Structures are given as structure tokens and as C-alpha cells.
Amino acid sequence: DQRPTQLLRGLTALLEQLHSLVDPVKDKACEDPLVVIQDIKHVISNEVTIDDMSLCSSLLFTGSTSILSFLEKAVCLQDKKMNKTKENLLILLDEIITLLEKRISDYAISIKNTCLSVFSRE
């Protein structure tokens, strides 16, 4: 079954596109980060099955292209577009936590630390 592999590739591509906003080496390929966030939300809400949850959670919460990594990198960027992006990512994070419930326990401390870091610096 190729579906999980395609799903992970698609989610990885979306996360990489989002990270292009905060990567000084890459050009700003992500013109509208809010669309990318909506696409991530769509994938998680409509395409991820229970069997895919652990792999998707790992992509979303760990590694250099995770949502948490993006928030940590973007915390010092304060333009209007970036502030709206961070706000929407935090809303998405809340929705993911609600959806995954106890399955995010492995990532709870990282999520808490990132959110505290963002809130204390904003």
C-alpha cells in the first residue's frame, strides 16, 4: 500500500514549504503560508487514519521541519504576515492536540516548552 508513503511525502512537502519562510538559504517559495497551514489541516483532518497517526505526529512535532521547529525559528520575526502565520499555527496545534488526544503524550513536553517560549517572547 503506497498511501501512507504518499501521505508522509505530502505532509513533509507542506512542512518544508512552510519552513522556507524562515530559512535564510531558501528563497521565499511559500507565498501564502495560511494556505499551507490550511492544507496541513486538511491532510490531518481528512487523510490521516489512526494507523498513520504516530508517523504523522513524529513529522509534526519532531525534526527540523516540524511545526514546533517553525514556531521556534519564527518567534523573532514580527511582521504582520509572520504574526498571522504563527497565530494560525498555534490554532492548528490546538486542533491537532484535540484530535490526537493522548496519542501526543510523547510530545507534550516539547509542545509545552515551545508554546511557553513563543508566548514569553511575543
Side-chain angles (χ1 to χ4, degrees):
D1 183 15
Q2 294 293 326
R3 195 195 63 72
T5 303
Q6 291 173 336
L7 175 70
L8 294 176
R9 280 191 196 132
L11 193 53
T12 299
L14 289 169
L15 291 168
E16 287 172 351
Q17 193 175 3
L18 190 62
H19 272 267
S20 70
L21 281 171
V22 293
D23 188 340
V25 176
K26 296 180 181 176
D27 64 8
K28 306 293 183 222
C30 182
E31 292 298 319
D32 191 350
L34 301 182
V35 171
V36 176
I37 292 169
Q38 287 296 354
D39 289 346
I40 292 169
K41 179 180 178 178
H42 174 81
V43 168
I44 293 165
S45 300
N46 300 310
E47 298 179 31
V48 175
T49 66
I50 296 296
D51 295 337
D52 303 326
M53 289 293 184
S54 63
L55 288 173
C56 290
S57 295
S58 179
L59 277 177
L60 293 168
F61 299 126
T62 63
S64 62
T65 59
S66 71
I67 290 174
L68 301 181
S69 173
F70 178 89
L71 287 168
E72 290 168 4
K73 291 175 186 175
V75 75
C76 60
L77 304 173
Q78 295 296 324
D79 62 78
K80 192 174 185 178
K81 182 178 183 180
M82 189 57 67
N83 287 339
K84 194 69 176 166
T85 300
K86 289 183 282 188
E87 177 186 341
N88 279 276
L89 265 181
L90 290 168
I91 291 167
L92 175 63
L93 188 59
D94 177 55
E95 292 171 358
I96 293 168
I97 290 168
T98 301
L99 178 70
L100 298 179
E101 296 177 337
K102 294 178 181 166
R103 290 181 291 256
I104 62 127
S105 62
D106 291 344
Y107 311 103
I109 292 173
S110 295
I111 293 168
K112 179 192 95 169
N113 289 342
T114 298
C115 289
L116 287 174
S117 176
V118 168
F119 292 137
S120 69
R121 292 195 250 169
E122 289 291 321

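In this chain, numbering begins with 1 at the start of the sequence shown. All values below were derived from every heavy atom in this structure, side-chain atoms included, with hydrogens, water molecules and symmetry-related copies excluded. This is a predicted model, so every value here is computed, not measured.
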Task: Side chain to side chain, Val22 and Met82, heavy atoms closer than 4.5 Å - done: yes

Task: Test log, rule side-chain contact (heavy atoms from CB on, under 4.5 Å), inputs Leu93 and Leu68 - done: CA-CA 9 Å; Leu93 188 59; Leu68 301 181; 4.3 Å; yes

Task: Min side-chain heavy-atom separation Asn88-Lys84 under 4.5 Å - done: yes

TODO: Please answer whether the main-chain N or O of Leu77 pairs with a side-chain N or O of Lys86 as donor and acceptor at a distance below 3.5 Å.
DONE: yes

Task: Check: Lys81 main-chain N/O paired with Thr85 side-chain donor or acceptor under 3.5 Å - done: yes

- [ ] Report the distance from atom CG of Leu55 to atom CG of Leu7, rounding to the nearest 0.5 Å.
- [x] 9.0 Å

Open item on the list: So which atom in Ser66 and which in Phe61 form the shortest heavy-atom distance, rounded to 0.1 Å?
Closed with: CB-C, 3.7 Å

TODO: Report the residues that fulfil side chain to side chain contact (heavy atoms under 4.5 Å, CB included) with Glu95, sequence neighbours left out, ordered by chain and then residue number.
DONE: Lys41, Ile91, Leu92

Open item on the list: Could you see if Ile44 belongs to whatever hydrophobic cluster contains Leu34? Use Ile, Leu, Val, Met, Phe, Trp, Tyr and a side-chain cutoff under 4.5 Å.
Closed with: yes

TODO: Taking all heavy atoms of Val36 and all of Leu14, pick out the closest pair and write down the distance.
DONE: CG1-O, 3.4 Å

Open item on the list: Just by distance, no angles: are the side chains of Asp52 and Thr49 close enough, under 3.5 Å, to form a donor-acceptor pair?
Closed with: yes

Open item on the list: Once rounded to the nearest 0.5 Å, what's the spacing between atom CD1 of Ile104 and atom CD1 of Ile111?
Closed with: 4.0 Å

- [ ] Can you label the angle between the His19 ring and the Phe70 ring as parallel, tilted or perpendicular, going by 30° and 60°?
- [x] perpendicular

TODO: Evaluate the side-chain contact (heavy atoms from CB on, under 4.5 Å) criterion for residues Ser57 and Asp106: first the C-alpha distance (whole Å), next the side-chain angles of each, then the deciding distance (0.1 Å), finally the verdict.
DONE: CA-CA 9 Å; Ser57 295; Asp106 291 344; over 6 Å; no

- [ ] Drop me the distance from Ile97's CD1 to Tyr107's OH, to the nearest 0.5 angstrom.
- [x] 13.0 Å

Open item on the list: Which heavy atom of Arg103 sits nearest to which heavy atom of Leu99, and what is that distance?
Closed with: NH2-O, 3.4 Å

- [ ] Examine the side chains of Thr114 and Glu72 and answer whether a donor and an acceptor come within less than 3.5 Å of each other.
- [x] yes

Task: Neighbour count above 12 (heavy atom, 6.0 Å) for Leu116 CG - done: yes

Open item on the list: Taking Leu60 as the starting point, is it possible to reach Ile109 by hopping between hydrophobic residues whose side chains are less than 4.5 Å apart?
Closed with: no

- [ ] Look at the side chain of Thr12 and the backbone N and O of Leu8, then say whether any donor-acceptor pair between them is shorter than 3.5 Å.
- [x] yes

Task: Set of residues satisfying side-chain hydrogen bond (donor to acceptor under 3.5 Å, both in side chains) with respect to Ser45, sequence neighbours excluded - done: none

Task: Minimum heavy-atom distance Ser117-Arg121, with the two atoms named - done: OG-NH2, 2.6 Å

- [ ] Heavy atoms only: give me the nearest Ser69-Ser64 pair and the separation to one decimal.
- [x] OG-O, 3.1 Å

- [ ] May I have the step-by-step check of side-chain contact (heavy atoms from CB on, under 4.5 Å) for Ser110 and Thr62, ending in yes or no?
- [x] CA-CA 9 Å; Ser110 295; Thr62 63; over 6 Å; no

Open item on the list: Tell me whether Leu21 shares a hydrophobic cluster with Val35, the cluster being built from Ile, Leu, Val, Met, Phe, Trp, Tyr side chains joined at under 4.5 Å.
Closed with: no

TODO: To the nearest 0.5 angstrom, please state how far the CD atom of Gln17 sits from the CG atom of Asp32.
DONE: 9.5 Å

Open item on the list: Would the distance check show the side chain of Ser105 and the main-chain N or O of Lys102 forming a donor-acceptor pair, the cut-off being under 3.5 Å?
Closed with: yes

